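Step one of this worksheet: look at the structure below.
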There are 2 protein chains.
Amino acid sequence: MDKKSKSLSKNQKIILDFIQKNKKPVKAYSILSNVQKKGINAPPQVYRALDRLIEIGKIHRVESQNSFVACKISNCDTPHETVFSICNSCEIVSEINDPKLFKHLKAFKDNDGTKFDGYNLEFFGTCKSCINKQIENIQY
Amino acid sequence: MDKKSKSLSKNQKIILDFIQKNKKPVKAYSILSNVQKKGINAPPQVYRALDRLIEIGKIHRVESQNSFVACKISNCDTPHETVFSICNSCEIVSEINDPKLFKHLKAFKDNDGTKFDGYNLEFFGTCKSCINKQIENIQY
DNA sequence: AAAAATTATGTTATAATATAACATTATATT
DNA sequence: AATATAATGTTATATTATAACATAATTTTT
Ligand SMILES: [Zn+2]
Ligand SMILES: [Zn+2]
Ligand SMILES: [Zn+2]
Ligand SMILES: [Zn+2]
């Protein structure tokens with residue numbers, strides 16, 4: 001039985017549920033304040049659940065934001081091979097599912113003989129919606 | 001005169017100098033304690049200099065480590081297009097200079113019409129030196 | 001050169017993020 | 001049932017980063 005098929009614990013379920021409800025990534029202390037009514041009282045309880053959920057690929061950490069987002073790729077069995085598109089304006093994050101890009105990244109070799117076991121790629125920019133808002137707001 | 005050719009301020013020089021002296025990335029508070037003898041007393045002075053040095057491309061932030069490393073690519077005029085190789089064991093970081101990969105990343109388009117202006121890619125693994133150490137340490 | 005605007009600095013306090021350490025309880029394995 | 005493993009609860013603390021405001025240096029404009 002692999003990690004992914006193991007059932008989640010109570011706290012893990014509560015926290016995964018909260019993260020999945022949110023379109024945007026959520027921060028650890030925001031999670032904490034939102035699940036306190038469910039009996040989760042302190043940061044370590046949140047961080048432990050987050051660590052585990054990351055390990056089994058249910059969520060990912062958005063490094064540039066210190067935030068956490070549910071995995072959007074079904075059967076994402078590669079929790080440490082992630083690609084995101086991040087809007088600098090509204091901070092929305094989309095997980096990129098691009099097999100060709102994955103393949104390219106997976107095949108990468110450096111000149112030092114490093115044995116790679118994962119990668120994280122974050123693209124930054126302005127999302128379509130924010131571009132449109134900016135155009136609307138131009139003052140003449 | 002562009003940002004890069006502008007001369008650095010006193011604090012910026014002190015902090016860049018310290019970062020460049022280190023092979024490995026350094027943390028903000030480690031920088032602080034190491035430059036206090038030079039008259040830099042408080043975190044904001046460090047973070048301001050770091051922000052500026054990042055902006056002009058002299059250093060990069062290693063997102064997964066909350067650390068800062070000098071740019072190793074001469075004439076790196078793309079401070080927000082970075083690729084690193086990171087050893088999970090010794091935490092050494094190498095900046096990757098791979099024009100073909102850069103081109104590939106630069107050309108990336110998502111399905112949502114996001115206008116990208118940068119990316120950060122971090123490869124994780126075990127460096128050659130750490131692999132060798134691990135082999136040496138196997139007990140029979 | 002004087003005035004104004006901009007940039008950098010210094011300082012104190014505090015916010016935000018994350019982990020150490022240890023006691024207890026629940027679950028799985030032998 | 002005994003043992004081992006994993007998860008939880010709790011308090012305290014470590015680490016990373018910024019807000020806010022006063023002052024000084026530098027650059028630009030007049
Ligand atoms: Zn995923
Ligand atoms: Zn947006
Ligand atoms: Zn660089
Ligand atoms: Zn190493």
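Remember, predicted model here, so these are calculated numbers, not experimental data. Below, chains carry the letters A, B, ... as their sequence lines are ordered, and counting in each starts from 1.
- For C:dA18, the base has a donor-acceptor partner in the side chain of A:Y29 [N/O atoms by modelled type, under 3.5 angstrom].
- Checking side-chain atoms of A:D112 against main-chain N and O of A:T114 turns up no donor-acceptor pair under 3.5 Å.
- Contacts between residues 13-28 of chain A and DNA chain D, counted as heavy-atom distances below 4.0 Å, involve no residue at all.
- The ring-ring contact (aromatic ring centres under 6.0 Å, His included) contacts involving residues 86-113 of chain A comprise A:H104-B:H104, A:F108-A:F116, A:F108-B:F123, where partners must be two or more places apart or lie in separate chains.
- Proximity note for A:R61 (side chain, C-beta onward) versus D:dG9, C:dA18, D:dA7: the nearest is C:dA18.
- Going from atom CD of A:Q65 over to atom P of C:dA16 covers 16 Å, rounded to whole Å.
- Sorted by residue number, the members of residues 35-51 of chain B with any non-hydrogen atom under 4.0 Å from DNA chain C read B:N41, B:A42, B:P44, B:Q45, B:R48.
- With sequence neighbours excluded, no residue forms a side chain to side chain donor-acceptor pair (under 3.5 Å) with A:T126.
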>> Would B:L53 and B:F68 count as a side chain to side chain contact (heavy atoms under 4.5 Å, CB included) here? Give the steps.
In response: CA-CA 10 Å; B:L53 292 169; B:F68 304 88; over 6 Å; no

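- The closest side-chain heavy-atom distance from A:N41 to A:Q45 is below 4.5 Å.
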Nucleotides 25-30 of chain C: which of its N/O atoms have a protein N/O under 3.5 Å away?
none

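- For A:K103, the side chain to side chain donor-acceptor pair (under 3.5 Å) test picks out no residue, with sequence neighbours left out.
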Which donor-acceptor pairs under 3.5 Å do the side chains of residues 18-29 of chain A make with protein atoms, sequence neighbours left out?
| from | atom 1 | to | atom 2 | distance (Å) |
| --- | --- | --- | --- | --- |
| A:K21 | NZ | A:D17 | OD2 | 3.4 |
| A:N22 | ND2 | A:F18 | O | 2.7 |
| A:K24 | NZ | A:C90 | O | 2.8 |
| A:K27 | NZ | A:Q65 | O | 2.8 |

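- By the 4.5 Å heavy-atom criterion applied to side chains, A:I96 and A:L121 are not counted as neighbours.
- Here A:N11 pairs with nothing under the side chain to side chain donor-acceptor pair (under 3.5 Å) rule; sequence neighbours left out.
- Remark: A:N66 is in phosphate contact with C:dA18, judged by side-chain N or O atoms under 4.0 Å from OP1 or OP2.
- With the 3.5 Å cutoff on both pairing distances, Watson-Crick and G-U pairs in DNA chain D assemble into runs of at least 3 at C:1-30 with D:1-30.
- Residues passing the salt bridge (Lys or Arg N to Asp or Glu O under 4.0 Å) test with A:E122: none are found, sequence neighbours excluded.
- Other residues, nucleotides and ligands place more than 12 heavy atoms under 6.0 Å from the NZ atom of A:K72.
- The distance between atom CG of B:L32 and atom P of C:dT11, rounded to the nearest whole Å, is 13 Å.
- For A:D117, the side-chain contact (heavy atoms from CB on, under 4.5 Å) partners are B:N88, B:F124, not counting sequence neighbours.
- Atom CD of B:E63 and atom P of C:dA18 are 12 Å apart (whole Å).
- Partners of B:S33 by side-chain contact (heavy atoms from CB on, under 4.5 Å), not counting sequence neighbours: none found.
- For D:dT8, the OP1/OP2 oxygens have a side-chain nitrogen or oxygen of A:S9 closer than 4.0 Å.
- Here D:dT26 presents its C1' atom at 15 Å from CG of B:L8, a figure rounded to the nearest Å.
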